[in-house]
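Accompanying notes for the structure given below.
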Amino acid sequence: MAENSEGPSGFIKDLDAAGSAFDPVLRYTLAATAMASANKPHLITVLTKQCEDNALSSQQMIEFVSMARESLLKMISTIGAPRVINGIASLMEAVSREVKDALPKKALRTRDDYDYDIVRQRGLELWNGIYSKQAEKLERKLGDWYPDLIEVIQTDLYGRLLSECRVLDAKSTELCTIAALVPIDVPAQLKSHVLGAGRMGASANEIESANAISKLIADR
């Protein structure tokens, strides 16, 4: 599928217009997340090459790749491992050796850092922050459906995966979740995370821009 009639540079201009609420690094992180969700990893290759060749400085490029691969990893909880793997592959195969060499080599989530009680508490805090007054009701509903479902979501997804904020903070993670949800057409979950993004500090303009970036990509 063609990027647009103006080619890759026009594609970047379209993203810049849609995501004007964000700095370039977060804007392109949101775009890469939406591309993986929409099952268009070839667009991540286009985006990454344009970022390194024209749109970002060397330091911004390192930040973009760090944030994009962290966002994609977190979105295993939303779009599944196959699309995440394909997205990260397209990202990492497109960057230069210089950028790869500058990236951190140590995992953020290791066995040495894992304490069940701490991780679960961290997950519950994020869960309650996102869902607010609906948190307890939603917890009961999911637990009634299947006790393992709520345990895995709160401890493994919210605790170990999503609440790790050294690379991608809670607000940015919620905005990336919006970008991931738009292409897969799940309106109930999208509504929940639009509200959650606001509770994590995102402005209405930022939420609208995250939606606009993702719709632009989903419609290509």
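Computed from a prediction, not measured in an experiment: that's the story for all the values here.
- Residues I12 and L47 are in side-chain contact: their nearest non-hydrogen atoms beyond the backbone lie under 4.5 Å apart.
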Sequence neighbours excluded and cut-off under 3.5 Å, please list the side-chain donor-acceptor pairs for residues 85-94, or say none.
{"unit_1": "N86", "atom_1": "ND2", "unit_2": "P82", "atom_2": "O", "d": "3.4"}
{"unit_1": "S90", "atom_1": "OG", "unit_2": "P41", "atom_2": "O", "d": "3.3"}
{"unit_1": "S90", "atom_1": "OG", "unit_2": "N86", "atom_2": "O", "d": "3.1"}

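- When the side chains of ILVMFWY residues are joined at heavy-atom separations under 4.5 Å, either directly or via intervening members, I118 and V152 end up in two distinct hydrophobic clusters.
- One hydrophobic cluster, built from ILVMFWY side chains closer than 4.5 Å, holds both L157 and L142.
- Side chain of S209 to backbone of G19: no donor-acceptor contact under 3.5 angstrom is found.
- Using a 4.5 Å cut-off on side-chain heavy atoms (C-beta onward), C176 and M75 make contact.
- Two residues are said to be in side-chain contact when any heavy atoms from C-beta on lie closer than 4.5 Å; E98 and S58 fail this criterion.
- Side-chain atoms of L161 and D156, non-hydrogen and from C-beta on, never get closer than 4.5 Å to each other.
- Residues satisfying the salt bridge (charged side-chain N to carboxylate O under 4.0 Å, His left out) criterion with E70, sequence neighbours excluded, are R109.
- The distance from atom CD1 of I184 to atom CG of N39, rounded to the nearest 0.5 Å, is 11.5 Å.
- Between S71 atom OG and L26 atom CG the span is 9.0 Å, to the nearest 0.5 Å.
- The main-chain N or O of S57 is found under 3.5 Å from a side-chain atom of Q60 such that the two form a donor-acceptor pair.
- Rounding to the nearest 0.5 Å places CG of L73 at 10.0 Å from CD of E164.
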Distance-only donor-acceptor hits, side chain of residues 130-138, under 3.5 Å, sequence neighbours excluded:
{"unit_1": "Y131", "atom_1": "OH", "unit_2": "Y158", "atom_2": "OH", "d": "2.8"}
{"unit_1": "Y131", "atom_1": "OH", "unit_2": "H193", "atom_2": "NE2", "d": "3.4"}
{"unit_1": "E136", "atom_1": "OE2", "unit_2": "R140", "atom_2": "NH1", "d": "3.3"}

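- Inter-residue side-chain proximity for F22 and T29 is flagged as unmet; no heavy-atom pair is nearer than 4.5 Å.
- In plain terms, the two heavy atoms of L108 and D113 that are nearest each other are O-OD2, 3.6 Å.
- The distance from the CG atom of L190 to the CG atom of L181 is 5.5 Å, given to the nearest 0.5 Å.
- Counting heavy atoms of neighbouring residues, nucleotides and ligands inside a 6.0 Å radius, atom NZ of K100 exceeds 12 of them.
- Through direct or indirect side-chain contacts shorter than 4.5 Å among Ile, Leu, Val, Met, Phe, Trp and Tyr, Y114 is connected to Y116, V119.
- Formation of a donor-acceptor pair under 3.5 Å by the S192 side chain with backbone atoms of A188 is found in this model.
- Listed here is the closest heavy atom pair of A18 and L216: CB-CD2, 4.3 Å.
- In this structure, E174 contributes its side chain and M200 its backbone to no donor-acceptor pair below 3.5 Å.
- The shortest side-chain heavy-atom distance between L195 and R199 falls under the 4.5 Å cut-off.
- Within the model, atoms CG of N205 and CD of E208 stand 6.0 Å from one another, a figure rounded to the nearest 0.5 Å.
- Counting only heavy atoms from C-beta outward, the side chains of T155 and R160 never approach each other to under 4.5 Å.
- Counting all heavy atoms, side chain and backbone alike, T33 lies closest to L72 at CA-CD2, 3.9 Å.
- With sequence neighbours left out, P104 forms a side chain to side chain contact (heavy atoms under 4.5 Å, CB included) with S66, R69.
- Within the 4.5 Å cutoff, no side-chain heavy atoms of S214 are placed close to those of I217.
- For C165 against A170, the heavy-atom pair with the smallest separation is SG-N, 3.7 Å.
- E52 and S96 form a side-chain donor-acceptor contact under 3.5 Å, judged by distance and modelled atom types alone.
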Walk me through whether M61 and C51 qualify under side-chain contact (heavy atoms from CB on, under 4.5 Å).
CA-CA 7 Å; M61 190 65 195; C51 284; 3.8 Å; yes
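- The two residues L175 and E206 have their closest heavy-atom pair at CD2-O, 3.9 Å.
- To the nearest 0.5 Å, atoms OG1 (T173) and NZ (K171) are separated by 11.5 Å.
- Contact record, A210 with I178: CB-CG2, 4.2 Å, taken as the closest heavy-atom pair.
- Here D101 pairs with R97 under the salt bridge (charged side-chain N to carboxylate O under 4.0 Å, His left out) rule; sequence neighbours left out.
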Residues D23, Y28; criterion side-chain hydrogen bond (donor to acceptor under 3.5 Å, both in side chains); working and verdict:
CA-CA 9 Å; D23 68 83; Y28 302 142; over 6 Å; no
Do D169 and S172 pass the side-chain hydrogen bond (donor to acceptor under 3.5 Å, both in side chains) test, and can you show the C-alpha distance, the side-chain angles, and the key distance before you say yes or no?
CA-CA 5 Å; D169 64 25; S172 299; 2.9 Å; yes
